[in-house]
Amino acid sequence: MLTINLIREKKEFIIERLKVKNFEAEEIINRILVLDSSRREIQSKTDWMHAEMNRISKEIGSLMKAGKRDEADAAKEKTYSIKEEIKSLSDKLIPIDNDMKNEIIRLPNLPHESVAPGHGADDNVKVREGGIIPLSSETAIPHWDLIKKYDIIDFELGIKLTGAGFPVYKGKGAKLQRALISFFLDEGEKAGYREVIPPIMVNEESGFGTGQLPDKEGQMYHVTIDNFYLIPTAEVPVTNIYRDVILNADMLPVKNIAYTPCFRREAGSWGAHVRGLNRLHQFDKVEIVQIAHPDHSYKSLDNMVNHVEGLVSKLDLPYRILRLCGGDMSFTSALTYDFEVWSAAQKRWLEVSSVSNFESFQANRLKCRFKDKGDKQTRLVHTLNGSALALPRIVAAILENNQTESGIKIPSVLVPYTGFDIIN
RNA sequence: GGAGAGAUGGCAGAGUGGUCGAAUGCGGCGGUCUCGAAAACCGUUGUUCGCCUUCCGGCGAACCGGGGGUUCGAAUCCCCCUCUCUCCGCCA
């Protein structure tokens, strides 16, 4: 969420920037500013009265000690009206505080200055592309047929066990999953990321910290009996490691990498383009997360983009990198790069990674701050994350792009992990 | 699941109604000493909000797991919640 200081000081700027995300902020901001000024007024008053109460209470203490009971009782009389007034003021303050918070969390993050305006995928800006799109796509078999042909991923079995969107990986299909996960983690480790294995269920506080709650609870599986949520991405637990933490500036950037299964209800988003591995309720993903100094967070973002680009290149997948337009960006992001790989049989680009800088938007919810050496003041960190990478569509692209008469060729970087070089 | 104990500053650990934002130790930071370092000694050491201030900062308020209550006054008493530990039960 945006900080109240920024809203106070840069109202017009915020309204202008949020137009890039097609968000009309003026009304909300006006309401926030009214609530903020009454909040401050009430707080000043109650602070002053509390001071008075504290003064009198101390006086009573010393009068009691001196045995001046009558004077003490007289002083007590004075406190009753002050106490009542404090009560009525704080009764007013609580709803104002709540209302203000509820308004502030409705404001999306400001887009970075490089973000283009726009309404959807068509307005995204292609940054660069790489790899060679295979030509033989006329006869290419889509991955949902290939997985049956080679019996490596079983959707029907998943339906029996759980339901649609929970596939069972079998034999070489399972091995390929494990190989990709290990490859991604090893590459991350080489790039200086520390591996963590977080819980895959989180509490409400964590859901709030990274912005899934409130409002997006419909996208997460909710374990109601214990009030836990299945994570939609490792971003949630890994970023929340730093909730309520004050870091030293010299520790930044903090770089973590995690493999987790991810769970998404995907309510209302099923359609023509979601066959096979294109959209699942449970899938595997390796996520990179950085906690960065605000002065260097865009350098971190570039590093992360380069890292992900290295992964898709090493897998020999044709890819392109898009800088998302305002309308296609998430609520919490300031700048997002999407990675897409070419799918030879579907003849379209599949999103396999999303790398974002959230600047201080999540940090303000998380209360994750840092202190420069010798500095008294704390400042909010910047948080970033990116998929490195999400498996299912990578698998889809590998299957479709690498299919041959004799079977599916495994990218050479994966062979040491799989132990085989062809699925047949 | 049953019974009991507990939750205090970066850590350890005092504090059972007033002068306690909190002793003491460790750690951290600054200094003295030293060619330098260690030791020793001296000083300093949380967060948030509000008001004031050109900067340095000053003043006030809140925070002793979270929420509520009693009281002129709560780390301290009462209630609820969460979590941790010990024992028993169950168990990968």
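Throughout, a chain's letter reflects where its sequence line sits, starting with A, and its residues are numbered from 1.
Of the charged side-chain nitrogens involved, at least one lies within less than 4.0 Å of a carboxylate oxygen, so that A:Glu27 and A:Arg31 count as a salt-bridged pair.
Between the side chains of A:Gln219 and A:Gln212, no donor N or O sits under 3.5 Å from an acceptor N or O. A donor-acceptor contact closer than 3.5 angstrom links the side chains of A:Tyr221 and A:His281. If you check the side chains of A:Asp284 and A:Gln177, you find a donor sitting under 3.5 Å from an acceptor.
Residues from residues 197-213 of chain A lying near RNA chain B, meaning a heavy-atom separation below 4.0 Å, are absent.
Pair check for B:rC72 finds B:rG18; Watson-Crick or G-U wobble, both atom distances under 3.5 Å. Pair check for B:rG6 finds B:rC83; Watson-Crick or G-U wobble, both atom distances under 3.5 Å. Here B:rU44 sits opposite B:rG28 as a Watson-Crick or G-U wobble pair (both hydrogen-bonding atom distances under 3.5 Å). Remark: B:rC56 base-pairs with no nucleotide in the shown strands. Criterion, Watson-Crick or G-U wobble with two distances under 3.5 Å. With a cut-off of 3.5 Å on both Watson-Crick or G-U wobble distances, the partner of B:rC64 is given as none. Using N1 to N3 plus N6-O4 or O6-N4 for Watson-Crick, or N1-O2 and O6-N3 for G-U wobble, each under 3.5 Å, B:rU34 pairs with nothing. Across all strands shown, B:rC90 remains unpaired; no Watson-Crick or G-U wobble contact has both distances below 3.5 Å.
For the pair A:Ile60 CD1 and B:rG73 P, the computed distance is 8 Å after rounding to whole Å. Rounded to whole Å, the distance from NZ on A:Lys78 to P on B:rG73 is 15 Å. As rounded to whole Å, 13 Å separates atom C1' of B:rG68 from atom CG of A:Asp91. Atom CG of A:Asp244 and atom P of B:rG66 are 11 Å apart (whole Å). Taking atom CG on A:Asp250 and atom P on B:rC29, their separation rounds to 10 Å, with Å as the unit. What separates CH2 of A:Trp48 from P of B:rC51 is a distance of 17 Å, to the nearest Å.
Side-chain nitrogen and oxygen atoms of A:Asn54 include at least one within less than 4.0 Å of the OP1 or OP2 phosphate oxygen of B:rA61. Residue A:Lys83 places at least one side-chain N or O under 4.0 Å from the OP1 or OP2 atom of B:rG73.
Checking A:Pro198, A:Pro199, A:Ser206 one by one against A:Val202, the side-chain contact (heavy atoms from CB on, under 4.5 Å) holds for a single residue, A:Ser206.
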Would you tabulate the nitrogen or oxygen pairs shorter than 3.5 Å linking the protein to nucleotides 44-50 of chain B?
| residue | atom | partner | partner atom | Å |
| --- | --- | --- | --- | --- |
| B:rU47 | OP1 | A:Lys371 | NZ | 2.2 |
| B:rU47 | O3' | A:Arg369 | NH1 | 3.1 |
| B:rU48 | OP1 | A:Arg369 | NH1 | 3.0 |
| B:rU48 | OP1 | A:Thr378 | OG1 | 2.6 |
| B:rC49 | O3' | A:Arg39 | NH2 | 2.9 |
| B:rC49 | O2' | A:Gln43 | OE1 | 2.5 |
| B:rC49 | O2' | A:Gln43 | NE2 | 3.0 |
| B:rC49 | O2 | A:Gln43 | NE2 | 3.2 |
| B:rG50 | OP1 | A:Arg39 | NH2 | 3.2 |
| B:rG50 | O2' | A:Ser44 | OG | 2.6 |

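The stretch residues 185-208 of chain A participates, sequence neighbours left out, in these ring pair (Phe, Tyr, Trp, His ring centres under 6.0 Å) pairs: A:Tyr193-A:His307.
For the pair A:Lys172 and A:Phe420, the cation sits on the ring face: its NZ or CZ lies under 6.0 Å from the ring centre, inside 45° of the axis.
The aromatic rings of A:His112 and A:Tyr298 sit tilted relative to each other, their planes meeting at an angle between 30° and 60°.
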